[in-house]
Amino acid sequence: MEQASTEIQITTENLGKLSPIAIFKKGGISPIIDAIISEVTSVVPDTTTAKGRNEIASLAHKVAKSKTLLDKMGKALADDLNSKLKPINAERKQARDQLDALKISVRQPLTQWETEQKRIADEEVARIEAEKLAEQVENDH
């Protein structure tokens, strides 16, 4: 079983010693979950004694602590990476916004020309329709 790029034995007790970068890479969490499953399922539950019931409760608590620790480690790593991405994304947004505005400004003369051509074409169509209507009215009366 791969040990998430570490040489230490993975247990619920030493998860905090593992590298978050090694854990939260593709396939990095599976060996850890497998080790936790192996650790807690190796204990045969005994509900007939108080000691056995306490052991079951302790194992469940270890699993919950492991989940919380792994989640906090992943969140801290993600927060760190997001803080590094924030300036990059701000610069990208500035480039997009300024170049979109420039594109609109550069294209404005063509847009105005196209609008004028459409207006002229629409007026021509309206003029032809008006002539046809006038001709039809004249023919009908």
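Note that the structure is a prediction, hence the values are computed from the model and not measured.
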At what distance, to the nearest 0.5 angstrom, does [atom1] of [X] lie from [atom2] of [Y]?
X	Y	atom1	atom2	answer
Q117	Q112	CD	CD	12.5 Å
D34	T41	CG	OG1	10.0 Å
K67	I33	NZ	CD1	12.0 Å
I32	L69	CD1	CG	9.5 Å
N82	L77	CG	CG	9.5 Å
R119	E116	CZ	CD	4.0 Å

Give me the atom names and distance for the closest heavy-atom approach of [X] to [Y].
X	Y	value
P31	G27	CD-O, 3.2 Å
F24	I29	CE2-CD1, 4.2 Å
K25	A22	CG-O, 3.3 Å
T47	R53	O-NH1, 2.7 Å
M73	I23	CE-CD1, 3.5 Å

Restricting to pairs with a member in residues 95-109, which pass salt bridge (charged side-chain N to carboxylate O under 4.0 Å, His left out), not counting sequence neighbours?
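Every salt bridge (charged side-chain N to carboxylate O under 4.0 Å, His left out) pair that includes a residue of residues 95-109, provided the two are not neighbours, is K93-D97, R107-E114.
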
Applying the side-chain contact (heavy atoms from CB on, under 4.5 Å) criterion to E55, which one of V44, T49, V43 satisfies it?
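Only one option passes, and that is V43.
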
Identified side-chain contact (heavy atoms from CB on, under 4.5 Å) partner of R127 from the options E123, E131, E129
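Going through E123, E131, E129 one by one, the side-chain contact (heavy atoms from CB on, under 4.5 Å) with R127 is satisfied by E131 alone.
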
When you measure from the side chain of [X] to the backbone of [Y], do you find a donor-acceptor pair of N or O atoms at a distance under 3.5 Å?
X	Y	result
S105	A101	no
S58	N54	no
N139	E135	yes
T68	A64	yes

Min side-chain heavy-atom separation [X]-[Y] under 4.5 Å:
X	Y	answer
E91	Q94	yes
D80	K84	yes
I88	R92	yes

Output yes when D122 and K118 qualify as a salt bridge under the 4.0 Å nitrogen-oxygen rule, no when they do not.
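Here D122 pairs with K118 in a salt bridge, since their nearest N and O are under 4.0 Å apart.
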
Full working for salt bridge (Lys or Arg N to Asp or Glu O under 4.0 Å) between K75 and D71:
CA-CA 6 Å; K75 184 178 181 326; D71 190 52; over 6 Å; no

What about I36 and L59, same hydrophobic cluster or not, with Ile/Leu/Val/Met/Phe/Trp/Tyr joined at side-chain heavy-atom distances under 4.5 Å?
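Result: yes, single cluster for both.
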
Indicate, with yes or no, if L99 and V106 share a hydrophobic cluster defined by side-chain heavy-atom contacts under 4.5 Å among Ile, Leu, Val, Met, Phe, Trp and Tyr.
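In one cluster with V106: L99, yes.
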
I21 atom CD1: more than 12 heavy-atom contacts under 6.0 Å:
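Counting neighbours around CD1 of I21, 12 or fewer heavy atoms of other residues, nucleotides or ligands fall under 6.0 Å, so no.
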
